[in-house]
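Along the sequence shown, residues are numbered consecutively beginning with 1.
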Amino acid sequence: MARTKLMNIVVTYGSTGYVVNDFGIGKSPRFELYHIPSKKSIKKSNNPNDFEEYIWKIWEKEMNK
């Protein structure tokens, strides 16, 4: 049987495919930056604002195309 990932998405970054997943109050780290198309966890943190720097880099690349 395939393993499935439980997603509790709290932030979606437009059409980039990146989302912030909330694991819940009792988990540490609580949040993860997840890329849905590649099904990869990019970064985990207790503060979802820690992902902003990474997302800005992605958006800058998209804007310069």
Does any non-hydrogen side-chain atom of [Y] lie less than 4.5 Å from one of [X]?
X	Y	value
Leu33	Ile55	yes
Ile42	Tyr34	no
Pro48	Val10	no

Let me confirm one number: the [atom1]-[atom2] distance from [X] to [Y], rounded to the nearest 0.5 Å.
X	Y	atom1	atom2	answer
Glu62	Ser15	CD	OG	7.5 Å
Tyr54	His35	OH	NE2	7.5 Å
Tyr13	Trp56	OH	CH2	10.5 Å
Lys61	Thr16	NZ	OG1	12.5 Å

Subject >> Heavy-atom pair with the smallest gap, counting every atom of Arg30 and Gly24 >> reply: CG-O, 3.3 Å
Subject >> Shortest non-hydrogen contact from Pro37 toward Gly17 >> reply: CD-O, 3.6 Å
Original post:
Quick one: which of Lys27, Lys40, Lys5 gives a salt bridge (charged side-chain N to carboxylate O under 4.0 Å, His left out) with Glu32?
Top reply: Lys5
Original post:
Checking Ser45 side chain against Asn47 main chain: does a donor-acceptor pair fall under 3.5 Å?
Top reply: yes
Original post:
Hey, does the side chain of Asn8 reach the backbone of Phe23 with a donor-acceptor pair shorter than 3.5 angstrom?
Top reply: no
Original post:
Can you get from Ile36 to Phe31 by hopping between Ile, Leu, Val, Met, Phe, Trp and Tyr side chains that sit under 4.5 Å apart?
Top reply: no
Original post:
If Ile, Leu, Val, Met, Phe, Trp and Tyr residues are connected whenever their side-chain heavy atoms lie under 4.5 Å apart, and connections chain through other members, are Ile9 and Val11 in the same group?
Top reply: no
